[in-house]
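Each chain gets a letter, A, B and so on, in the order its sequence line appears, and its residues count up from 1.
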2 protein chains.
Amino acid sequence: MRVTDVEIVRALPLFSGMQKAHFETLIAAGYVQRFPHKVALLHEGEKPNFLHVLVEGSIEFSSESRGRETTLSFLKPPGAFILAAVILDQLYLKSARTAEASMVVLIPAEAVRDVFDRDPAFARAVVAELAVRYRGIVKDLKNQRLRTSLERLANWILAHDEECGRLGSFTIPIEKRALAHLLGMRPENLSRSFAELADIGVEVRGPIIKINDRAALAELAKPDPLIDDPRI
Amino acid sequence: MRVTDVEIVRALPLFSGMQKAHFETLIAAGYVQRFPHKVALLHEGEKPNFLHVLVEGSIEFSSESRGRETTLSFLKPPGAFILAAVILDQLYLKSARTAEASMVVLIPAEAVRDVFDRDPAFARAVVAELAVRYRGIVKDLKNQRLRTSLERLANWILAHDEECGRLGSFTIPIEKRALAHLLGMRPENLSRSFAELADIGVEVRGPIIKINDRAALAELAKPDPLIDDPRI
DNA sequence: CGTGCCATTGACCATTATCAAACGACGTGG
DNA sequence: CCACGTCGTTTGATAATGGTCAATGGCACG
């Protein structure tokens, strides 16, 4: 493993507070792997053997049932995933695949549980991570239950613009079909929703989105901090 | 606080492993409160001052936005709630109200965070609790995204019958309107869905549900362990 | 008895999915 | 360099799903 990769992992809140020796145990047991675009890292229903840490690239999490599929989230580096399943040693509930060429650090689940039992600082960091994730998914469920797909799209545009520095214009970081699945809708529907938003000043040219009338968009979206604010 | 109440709390996985002294600190700082039916314990957006432990009764968790409301879950005793918000000292994302007359143990959030930092066993129990809750909500989101309301109802009936001992018949433990909101639908729609299920042998008389043809119901529901099995 | 609340039913509308076709960008092979 | 296929996107038509509004019936409680 390259020194810089180790440093990226060490800098994660999840690992930064733990004892040096314990961290080195984990790193020694782990290894780095690179994956091309669209490679399945694991399928729902499998028992995970490794805690995954995304160092570079991005990961898409999805789930499937009765022939239907949905995207639950995307992860950008740096960040750990499959934490809950690893800690509980239970089946993974989602499938994960690379959304672009990615680099992942794999740490044996056994080692993670081991250190978790011996390093209080690590245990606390795991708690913080899980609590944040838990809250994130509560927001996702609220978003899904309390909003129409058009409203979810409008809020996603506002939130993503915010994330990009509130420039009023940005490039969609994923394919539109992937965005549709993330928002819990079909690609056809996303197209039509974009068309509707054109009426209130949202310009879409290919992957580029421009907000011409933020007030109008916000009026439609009615963003709610308890759903949309990532800091809360 | 009555001794039996203290024992109920101590028996919870969340508290059973921690040091006696720490537990007694928490209990000394906390107190018991009884609430009648339909009392709001807290509103989304508030900063929680107490970790709540439900000893008796039941609690409904809901959320509201743009004038729409939805029920996210119910909790039966014994169980703790508002854990993630207490640990992170952040705003609560849901509202909680009693779904029947209930008894709740309130433990100051400050004390919880304090002990959490000093008692590794407690920290580990918090992790386990959060991980289980996290997985529960992932299942809820999958349930919502991958199924129609009729399918959610069919699976709820199967799961609840299972929980009641697979007797093929049970009484709905909550009002139908509450069940509708829990399943992410309107009461009117729930009525119609029950009517549809009558065609495949689901008898509904008032709050009593009888499954006459489990195979047919399962054929419609297509239960998925990664969504419906509470042990996974 | 009223009165109020829940459940049900009907009519209608909004939202979303499905199926099909056409379009357009892009890369490959002739 | 162009023809062609592939794949993502868009558009249209239609159907399924779910929500809204209104009216009615039943039941509990005062």
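- Between D/dG8, D/dT20, C/dA17, one nucleotide has an atom nearer to the side chain of B/E188 than all others, and that is D/dT20.
- If you measure from atom CD1 of A/I172 to atom C1' of D/dT10, you get 14 Å, rounded to the nearest angstrom.
- Straight-line distance from the CG atom of B/L190 to the P atom of C/dC6: 14 Å, rounded to whole Å.
- Residue B/E175 is classed as a sugar-phosphate contact, given heavy-atom separations below 4.0 Å to backbone atoms only.
- Counting distance only, with no hydrogens placed and no angle test, the side-chain atoms of B/R192 and the base atoms of D/dT20 include a donor-acceptor pair under 3.5 Å.
- Within the structure, every side-chain polar atom (N or O) of A/S191 is placed at least 4.0 Å from both OP1 and OP2 of D/dT9.
- Side chain of B/R192 to backbone of B/P187: no donor-acceptor contact under 3.5 angstrom is found.
- A straight line from CD of A/E151 to P of D/dG19 spans 13 Å, rounded to a whole angstrom.
- Across the protein-nucleic acid pair, B/R186 atom CZ and C/dC6 atom C1' stand 16 Å apart, rounded to whole Å.
- Looking only at distances, a side-chain donor or acceptor of A/K47 sits under 3.5 Å from a matching main-chain atom of A/D89.
- Counting to the nearest Å, the P atom of D/dT17 and the CG atom of B/L146 are 15 Å from each other.
- A distance-only check finds a donor-acceptor pair linking the side chain of B/S102 to the backbone of B/E100 [under 3.5 Å].
- Here the nucleotide nearest the side chain of A/S149, chosen from C/dT18, D/dT17, C/dT16, is C/dT16.
- Between the side chains of A/S58 and A/K76, no donor-acceptor pair of N or O atoms lies under 3.5 Å.
- Here D/dT10 presents its P atom at 13 Å from CZ of A/R205, a figure rounded to the nearest Å.
- Comparing C/dT8, D/dT9, C/dC6 against the side chain of B/K38 picks out C/dC6 as the nearest.
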- Message: Pair B/E64, B/R68 - check salt bridge (Lys or Arg N to Asp or Glu O under 4.0 Å), show working.
- Response: CA-CA 6 Å; B/E64 182 269 329; B/R68 299 162 201 160; over 6 Å; no

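- Between the NZ atom of B/K176 and the C1' atom of C/dT8 there is a distance of 9 Å, rounded to whole Å.
- Here D/dA16 presents its C1' atom at 15 Å from CZ of A/R66, a figure rounded to the nearest Å.
- Neither OP1 nor OP2 of C/dT16 sits under 4.0 Å from any side-chain N or O of A/N189.
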